[in-house]
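In what follows, a structure is listed as structure tokens, so that the remarks can point back to it.
Naming convention: chains lettered A, B, ... in sequence-line order (proteins, then strands); numbering from 1 in each chain.
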Amino acid sequence: MDYLQAFAISASGMAVEKARVDLTAVNLANAQSTRSADGIGVRPLRLVSAARSGTDFPALLAGAAGASLQGAQIVSITTLATPPRLVFEPGHPDADENGFVAYPGINPVAEMINMLTAVRAYEADVAALNAAKAMALRTLQIGG
Amino acid sequence: MATEPVGFIPAQREISLDSAVPREQPGDFSAWLAGSLGRVNQDLVRADEGLQQLASGETQNLHQVMIALEEARIGVQLLVQVRNRLLDAYQDILRMQV
């Protein structure tokens, strides 16, 4: 069942892109948040993904040439050290002594671009999966 | 000058059907078919469980459910194609002139 591996690879890419869209949603939802749990303010989150290593035991045991094709995985979620956006709002409960409120340095345009990129990558994963499925179904028509 | 007639060319070795082709056990194909049916059924059950979890809101990722559905569908289609080939062969034998 060779096409199942193509399905698994595409599924790993889909999971990564789904997590990226989730992070973008978190960033956009917190674009106007002035507090965070750790007290340093909200910072934009970024997802770091990497190629999944094919050196796990079943792949080594199989020893096949295609056994090391494993897809993508989420490595970590990091925060960008962008400076906060200071807005002069003296009556705000989170304003400092000069009357400035530190809004998070989240760029909505960059977030939208990240989201669009993730959506397009997800669509590409679906296209690859559909191609593998079409190949499998076409194989079933041999001789028929 | 007389030419020698072409003599009978002896075969180098006798082709033995018994030794050349390992004879399969009689129940091999039916066992294989039963195993494949079981696997396809497992795929279907897994896809059905995924659908139930999706309907009840327990599932985390949608694409795993869809991929399980597609795997089950491809398995069923493979089984249907095997069945078509078998029936074609059977009907070919039925149409054979005696």
Practice item. Locate the shortest heavy-atom distance separating A:Lys133 from B:Arg73; write the atom from each residue and the value. Key: NZ-NH2, 3.9 Å
Revision key, fill the gap. When every non-hydrogen atom of A:Ala11 is compared with those of B:His63, the smallest separation belongs to O-NE2, 3.4 Å
**Study point:** Inter-residue atom distance A:Leu4.CG - B:Ile74.CD1, 0.5 Å rounding
**Key:** 7.5 Å
Check your understanding: Could you state the interatomic distance from CE (B:Met66) to CG (A:Leu129), rounded to the nearest 0.5 Å?
Key -> 10.0 Å
Side chain from CB out, backbone as N, CA, C, O: work out which of these in [X] comes under 4.5 Å of a heavy atom of chain B, or both, or neither.
{"X": "A:Leu137", "value": "side chain"}
{"X": "A:Ala136", "value": "side chain"}
{"X": "A:Ala15", "value": "both"}

Shared ILVMFWY cluster between [X] and [Y], side chains joined below 4.5 angstrom?
{"X": "B:Leu44", "Y": "B:Val82", "value": "no"}
{"X": "A:Tyr103", "Y": "A:Phe100", "value": "no"}
{"X": "A:Leu47", "Y": "A:Leu45", "value": "yes"}
{"X": "A:Tyr122", "Y": "A:Phe7", "value": "yes"}

Check your understanding: B:Arg46: what forms a salt bridge (charged side-chain N to carboxylate O under 4.0 Å, His left out) with it, not counting sequence neighbours?
Key -> B:Asp43, B:Glu71
Check your understanding: Considering only heavy atoms, which portion of B:Gln81 lies under 4.5 Å from any heavy atom of chain A: side chain, backbone, both, or neither?
Key -> side chain
Exercise for review: Check side chain to side chain donor-acceptor pair (under 3.5 Å) between A:Arg35 and all other residues, then give those that pass, not counting sequence neighbours.
Suggested key: A:Asp94
Check your understanding: What's the verdict on side-chain contact (heavy atoms from CB on, under 4.5 Å) for A:Met14 and B:Gln64, showing C-alpha distance, side-chain angles and the deciding distance?
Key -> CA-CA 9 Å; A:Met14 285 185 216; B:Gln64 294 288 356; over 6 Å; no
Point to revise | B:Arg85, CZ atom: more than 12 neighbouring heavy atoms under 6.0 Å | key: yes
